Amino acid sequence: MFLDINVYNLVYTIVFLLMFVVAYLIVIATRLENLFKQGRIWEIIVAQILLSLVIAYLVTKAIMSLVDSTQFNIVK
């Protein structure tokens, strides 16, 4: 079929992207750059993005496992 869309993967991707944005905003608000020496711009950016990716992944996995464990498992 032309529009054979896996809804579970679509929901997972949307939730992951939303959680990444929220996690990035939280990491920015925590002033992580104070832990680095002055002038280490690339290291700070990489640390913020990696930390946001890890947090977003863990939160998304937790949310999707809750969806899987409910009895209204229509998504799959």
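Keep in mind that the numbers below use all heavy atoms, side chains included, and drop hydrogens, waters and symmetry copies. Because the structure is predicted, anything quoted here is derived from the model rather than measured.
- Side-chain contact between Tyr12 and Lys61 is present, with at least one heavy-atom pair separated by less than 4.5 Å.
- For the side chain to side chain contact (heavy atoms under 4.5 Å, CB included) test, residues two or more places apart in sequence or in another chain that qualify with Ala47 are Leu32, Phe36.
- In this structure, OG in Ser52 is found 8.5 Å from CG in Leu25, a value given to the nearest 0.5 Å.
- Screening Ile14, Thr13, Val15 for a side-chain contact (heavy atoms from CB on, under 4.5 Å) involving Leu17 leaves a single residue, Thr13.
- Put simply, Val54 and Ile44 are part of the same group of oily side chains (I, L, V, M, F, W, Y) that touch within less than 4.5 Å, one to the next.
- The hydrophobic clustering, which links ILVMFWY residues whose side-chain heavy atoms are closer than 4.5 Å, places Ile55 and Leu35 together.
- Grouping Ile, Leu, Val, Met, Phe, Trp and Tyr by side-chain contacts under 4.5 Å, direct or through others, puts Val22 with Ile26.
- Applying the side chain to side chain contact (heavy atoms under 4.5 Å, CB included) criterion to Ile45, with sequence neighbours excluded, gives Ile41, Ile49.
- The hydrophobic clustering, which links ILVMFWY residues whose side-chain heavy atoms are closer than 4.5 Å, places Leu10 and Leu18 together.
- The two residues Ala56 and Ala23 make their nearest non-hydrogen contact at N-CB, 4.4 Å.
- Closest of all the heavy-atom pairs between Tyr57 and Phe16 is N-CE1, 3.6 Å.
- Rounded to the nearest 0.5 angstrom, Gln48 CD and Glu33 CD are separated by 6.0 Å.
- For the atom pair Met64 CE and Asn9 CG, the distance stands at 8.0 Å (nearest 0.5 Å).
- Taking CG of Leu53 as the reference point, atom OG1 of Thr60 lies at 10.5 Å (rounded to 0.5 Å).
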